[in-house]
Amino acid sequence: MYQSGRLLERELAFTECYRKNAMEDKAVRESRCMEVQISTYFVSPEEGDLIAGRISRPYVVFAPCLEGDGIDKVGYCINETACRQLAERIKEDASYDEGYRLRVQNMIDFWRTENTNTKIRRRFPAWWEGSMGGDAYNTDNAAIHPLYRLAGVNLDFRKLFSLGICGLRDEALRYAAGRMEQASFYEGIAAVMEAVRGVILDYRKEALALAAQANEERRVQLMQMAEVLENVADKPPVTMREAVQLQCIYMLACRCVEIGRIDDYMGDFYVRDLKAGRITKDEAVALLNNFFSIIETQSGRDTRVIIGGMGRRSEKAADSFAMLVMDVLEVRKDHFYPQISLRFCKDMNQAVYDRALEIIAGGCTFPMLYNDDVNVPSVMRAMDVPRKVAWQYSFFGCGEYMLARKSIGTPNTALNVAKILELVLHDGINPATGRLCGPAAAGRPVRRLADIRDFRELMELVEEYLSFFIDISGGFEELLYDVCGEEACFLQYSALLDDCMAKGKPMLGGGLAHLGGTVETYGNITLADSMTAIAHTVYQNHTIGMERLVEALDRNFDGYEEERRLLLAAPKFGNDHEEADAIAVRLHEFICGTIRNQRTKTRMDSFLAVIINNNMNSTLGRFVGATPDGRLAGTFLSNGVSPYNGQDREGVTALIRSLTKMDTSIHAGGNQNMKFSPRMFRGENPPARAFLSAFFAGGGQQVNLSVVDQEDMEDALIHPECHENLTVRVGGFTARFIDLDERTQKDVLSRTAY
C-alpha cells in the first residue's frame with residue numbers, strides 16, 4: 001500500500017499522466033488518470049480494522065466532489081491552497097533540487113486554468129454578470145452562489161454484488177467487443193475495474209504480512225481479512241463480510257459517499273450468514289460499525305445510510321438488517337456519520353419504527369424519519385415517474401431527494417430568497433456591495449419600488465426577481481453537467497447506474513435514466529413572514545410607509561423600535577394563521593413551481609427545489625440586512641420549512657396545521673427540525689408519539705428530532721466542559737452543541753422546544 005515518499009509526488013504523477021493523455025478520448029484519459037490515482041490512494045488498515053480500506057487523498061485528483069480551498073470542486077480538481085503550502089515546505093527543504101521545485105510550480109500553474117471548476121466559470125453567460133455570486137459562499141455577499149459538485153449518487157450495489165469486480169470488468173469487455181464505436185467507454189470501465197482489483201490483491205498481501213507479525217487475536221482477524229479479499233478479487237461476494245469488503249473498497253476508489261438503502265441489498269447476506277452460522281449478531285455489529293467508521297473518516301460529510309420503506313425486495317430480511325443497523329447506531333452514539341435515516345409507512349413492521357423512537361428518546365438525533373406514505377406519491381408527481389421507480393427515492397446530504405441507481409440530484413446553486421427580497425426593496429442594488437443585481441443588471445426592464453401601488457404588485461415584483469435568479473440556477477446546473485460530461489465519463493459511477501452500460505453512454509452523456517437536479521433555497525419562511533408583515537403594516541393597516549420601512553431596515557431598526565415592534569407583531573407562519581400561511585403557501589408554490597419548470601428550459605428530466613437547511617441559514621444570514629419580519633441584520637434565516645425560531649406560539653396543533661399546508665409534491669425535500677424535551681418521550685403513551693402520528697397522518701413528510709433539555713443547552717454556553725456529549729440536529733447534519741459556532745448555537749437554542 002502507499003507510503004508517503006516525496007511531497008506532492010502523487011500530484012505530479014497524476015498531472016504527468018493527464019498531460020500525456022490530454023488529446024486522448026476522455027474515457028481513455030480518465031481511466032489512465034484513475035489508474036495512477038488509485039495506485040497511490042489506499043493505505044494500510046488501522047489497528048482493529050476488520051475490513052481493508054483506508055485512503056490518503058492527494059491534492060490533485062479526479063473526483064465527483066472534492067473539498068478544497070474552502071469550496072466544493074468537481075472533475076479534475078486541485079486543492080491549490082494545500083499544494084502551495086507543501087510547495088513552500090519543498091522550497092525550504094534542501095533534499096529537493098531546483099528541478100523538482102520547478103515541476104511543482106508548473107503543476108500548480110497548469111491546474112489553475114485546467115481544473116474543471118475554472119472551465120465551468122469561464123462559460124458563464126454575460127447576463128449572469130453582477131448577479132451570480134462568487135465561488136466562496138462563506139464570504140461572498142450575493143443572492144445566489146454556484147456549487148461545483150456531483151453529490152449524492154446512489155449506486156447499484158446489488159449489481160456490484162451480483163457480478164463482482166471481475167464480472168463488471170468482463171461485462172464491459174463484452175460490450176466493447178460488440179460496439180466498436182463505444183469501445184473506449186467500455187474499455188475505460190474495464191481498466192478502472194482492473195485497477196480496483198489490483199488494490200484488493202495488494203490488500204490481501206498486506207493482510208498476510210501483517211498477520212505474520214500480529215498477536216493471536218489480531219492474526220485471526222487479518223487472516224480472515226486476507227481470505228475475504230482473495231475471494232472478492234475474482235468472484236462475486238457470497239457472505240456479508242465479502243459484500244461489505246467489496247463495497248468499501250469500491251466506494252473509496254470512486255469517492256462515492258452514499259451507502260444508500262443498505263438493508264435492501266445487504267439483508268439477504270446477513271440472514272443467510274446467521275442461518276449458516278457464518279456470523280453472529282455481535283460479529284455483524286462489529287463488522288458494520290467498522291465499515292461505517294471507515295466511510296465516516298474517509299468520506300466525510302453527506303454520507304447516508306437508509307433503512308426501511310417501500311419497494312424492498314426481501315422485506316423480512318431487510319427488516320432484520322434494519323434492526324441490526326439500529327443496534328450499530330446505539331454503539332455509535334458519539335458518531336454523526338453516516339447519517340442514519342428510516343423510511344417508514346403505515347404498513348411496515350411496527351417493531352422497526354418503535355425501535356427508532358426508542359433510540360431517539362435516548363437523546364440520539366438518528367434515525368431521521370421519512371414518511372413514505374407522503375414521499376412516494378410526492379416523488380411520483382415531482383419527478384414524473386411511476387410508483388415502482390418512486391419507491392427507490394433516496395436522499396443525501398441535507399436530505400435532497402433523487403432516484404437510487406437512476407438519477408443524480410445534486411444541488412448546484414445556493415439561492416438566498418431572503419436576500420432577493422432585500423434586492424427588491426433596493427431596486428436591485430445590493431446594500432452591502434453597492435452592486436446592481438437581478439433583472440436590471442441584465443439589461444431587462446423591471447419596475448422600481450416607487451412604482452408599486454399595492455401588495456399584489458409588490459408580490460409580482462418579488463416573483464419577477466425570483467424567476468430571474470431561478471433561471472440562473474437552472475442554467476448553471478445544466479452548464480455544470482455539460483462541462484463535466486465533456487471532461488469525463490465518471491466511469492466507476494457509470495458502471496453502476498441504470499442504462500449507462502446498455503446505452504454505451506456515460507452518466508452525463510445521455511446514459512442516465514433520469515437526469516435530475518436541485519437548487520438549495522434558504523430563508524423561505526423569512527421571506528414569507530416578511531411579505532406578510534409588509535402586507536399587514538404597509539398595505540392593510542397603513543401603520544408604516546414603504547419608505548419608512550426601508551429606512552428602518554437600512555438602520556437595523558436603530559431609532560425605529562416602534563416599527564420593529566409592529567413588524568414582529570404581524571402574523572407569522574406556524575400558528576395556523578390564515579393570512580400568514582396563505583402567503584407562505586403562495587411563495588412556496590411559486591418558488592417550487594418555477595424551479596420545477598426549468599426542466600422545460602433545460603435538458604434535465606427534473607429540476608426541483610430543496611428546502612432543507614444546514615447551518616447555511618446562519619452563514620447566509622450574515623449577508624442579509626434586517627428583514628421586514630423584524631429579524632435583525634446578520635442573524636440567522638429561517639431553517640427549512642420550519643417556522644422562524646420562536647415564532648410558532650400557538651402550540652403544537654397549530655404548528656402541524658401550518659406545516660402540512662405546504663405541498664410536498666413539487667420539490668425534492670422539505671425539512672422540519674423539531675426540538676423535544678425528554679419528558680415528551682416518557683410514559684406508557686408518550687406525547688411525542690401522538691404528535692408524530694398526527695403530523696405524519698396529516699401529510700408530514702420528514703422530521704429531524706433533537707431530544708434535549710433546554711436548560712442543558714443554556715448551561716452549555718456557560719460551562720461547555722460539562723456538556724461534551726450534548727448533541728443536536730442542526731439541519732442537514734448533527735453535531736455536538738459545544739462544537740457549533742456561536743451563531744448556530746443561538747439558532748438551535750432559540751428554536752421552540754416542545
Side-chain angles (χ1 to χ4, degrees), residues 10-11 13-38 41 57-83 107-124 135 145-153 155 184-185 188-189 191-192 252-257 299-300 302 408-413 475-495 497 500 505-512 515 517 604:
R10 295 182 295 169
E11 291 78 1
F14 182 92
T15 304
E16 182 180 349
C17 179
Y18 179 91
R19 300 183 80 160
K20 182 178 179 181
N21 292 280
M23 304 308 295
E24 296 285 352
D25 179 274
K26 63 185 177 184
V28 174
R29 178 180 62 188
E30 178 186 334
S31 65
R32 290 175 180 171
C33 286
M34 284 298 293
E35 287 172 332
V36 172
Q37 181 169 300
I38 289 173
Y41 223 37
R57 191 174 294 114
Y59 296 121
V60 175
V61 296
F62 175 79
C65 183
L66 170 78
E67 299 87 31
D69 299 316
I71 62 172
D72 286 338
K73 303 192 172 191
V74 66
Y76 292 99
C77 315
I78 178 172
N79 184 336
E80 188 172 338
T81 301
C83 286
M107 175 191 74
I108 294 172
D109 292 341
F110 172 77
W111 285 113
R112 184 177 296 115
T113 56
E114 190 63 18
N115 74 83
T116 304
N117 278 32
T118 296
K119 291 181 178 180
I120 295 169
R121 180 166 273 278
R122 280 203 301 257
R123 284 169 57 174
F124 283 9
D135 294 346
H145 292 92
L147 304 172
Y148 304 86
R149 56 194 181 186
L150 297 173
V153 180
L155 299 178
S184 60
F185 170 66
I189 288 176
V192 175
L252 294 176
C254 66
R255 219 284 182 178
C256 170
V257 303
S299 297
D302 293 347
I408 54 178
T410 307
N412 285 120
T413 46
F476 178 77
E477 185 85 75
E478 184 175 53
L479 176 61
L480 183 141
Y481 286 164
D482 285 345
V483 175
C484 286
E486 293 165 10
E487 287 279 286
C489 296
F490 297 88
L491 295 165
Q492 271 191 272
Y493 276 17
S494 295
L497 288 170
C500 293
K505 296 180 179 180
M507 57 183 263
L508 297 178
L512 264 179
L515 184 62
M604 289 179 283

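Two residues are said to be in side-chain contact when any heavy atoms from C-beta on lie closer than 4.5 Å; T413 and E477 fail this criterion. A 4.5 Å side-chain heavy-atom check between E114 and Y18 finds at least one atom pair inside the cut-off. With a 4.5 Å cut-off on side-chain heavy atoms, C33 and N21 do not count as touching. When side chains are defined from C-beta on, V153 does not count as touching P64, because their heavy atoms never get closer than 4.5 Å. Inter-residue side-chain proximity for Q492 and I38 is flagged as met; some heavy-atom pair is nearer than 4.5 Å. Counting heavy atoms from C-beta on, the side chains of L66 and V74 never come closer than 4.5 Å. Here the side chains of Y41 and P58 are in contact, with some heavy-atom distance below 4.5 Å.
Side-chain N or O atoms of E487 include none that pairs as donor or acceptor with a backbone N or O of T116 at under 3.5 Å. Judged by distance alone, the side chain of E30 and the main-chain N or O of L491 form a donor-acceptor pair under 3.5 Å. K119 places no side-chain N or O within 3.5 Å of a backbone atom of V483 that could act as its donor or acceptor partner. Remark: side-chain polar atoms of N115 are paired, donor with acceptor, to backbone N or O of R112 under 3.5 angstrom. Under the 3.5 Å distance criterion, the side-chain polar atoms of D69 are left unmatched by any main-chain donor or acceptor of I71. With N412 contributing its side chain and R149 its backbone, the two residues share a donor-acceptor pair below 3.5 Å. The main-chain N or O of T113 is found under 3.5 Å from a side-chain atom of R122 such that the two form a donor-acceptor pair. Looking at S494, its side chain does come within 3.5 Å of a backbone N or O of M507 through a donor-acceptor pair.
Atom SG of C256 is separated from atom CG of L150 by 12.0 Å, given to the nearest 0.5 angstrom. Atom SG in C500 sits 10.5 Å away from atom NZ in K505 (nearest 0.5 Å). Here the straight-line distance linking atom CG of L508 with atom OH of Y493 works out to 11.0 Å at 0.5 Å rounding. Between atom CD1 of residue I78 and atom NZ of residue K73 there is a gap of 7.0 Å, rounded to the nearest 0.5 Å. Atom-to-atom distance recorded for F490:CZ and L497:CG is 11.5 Å, nearest 0.5 angstrom. From L515, atom CG reaches atom CE of M604 across 7.0 Å, with rounding to the nearest 0.5 Å.
Dense packing is recorded around CD of E24, with more than 12 heavy atoms of other residues, nucleotides or ligands lying under 6.0 Å away.
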Stepwise side chain to side chain contact (heavy atoms under 4.5 Å, CB included) test for R121 and D135: CA-CA 9 Å; R121 180 166 273 278; D135 294 346; 2.8 Å; yes
Full working for side chain to side chain contact (heavy atoms under 4.5 Å, CB included) between T410 and Y481: CA-CA 10 Å; T410 307; Y481 286 164; 4.2 Å; yes
Criterion side chain to side chain contact (heavy atoms under 4.5 Å, CB included) on Y76 and V61, from CA distance to verdict: CA-CA 6 Å; Y76 292 99; V61 296; over 6 Å; no
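A salt bridge is defined here as a Lys NZ or Arg NE, NH1 or NH2 lying under 4.0 Å from an Asp or Glu carboxylate O, and E486 with K26 fails to meet this definition. Ionic pairing of R57 and E67 is not present here: no N-O contact between side-chain nitrogen and carboxylate oxygen is shorter than 4.0 angstrom.
The minimum heavy-atom distance linking G68 with N79 is given by the pair CA-ND2, 3.6 Å. Among all heavy-atom pairs drawn from V28 and S184, the shortest one is CG2-CB, 4.1 Å. The two atoms that bring L155 and C254 nearest to each other are CD1-SG, 4.2 Å, heavy atoms only. Shown here for S31 and G188, the closest heavy-atom pair between the two residues is CB-O, 3.6 Å.
Between F14 and F62, the distance from one ring center to the other does not fall under 6.0 angstrom. Taking the ring centroids of F476 and Y148, they lie under the 6.0 Å cut-off.
Using modelled atom types, one finds no donor on one side chain facing an acceptor on the other under 3.5 Å when comparing Y59 with E80.
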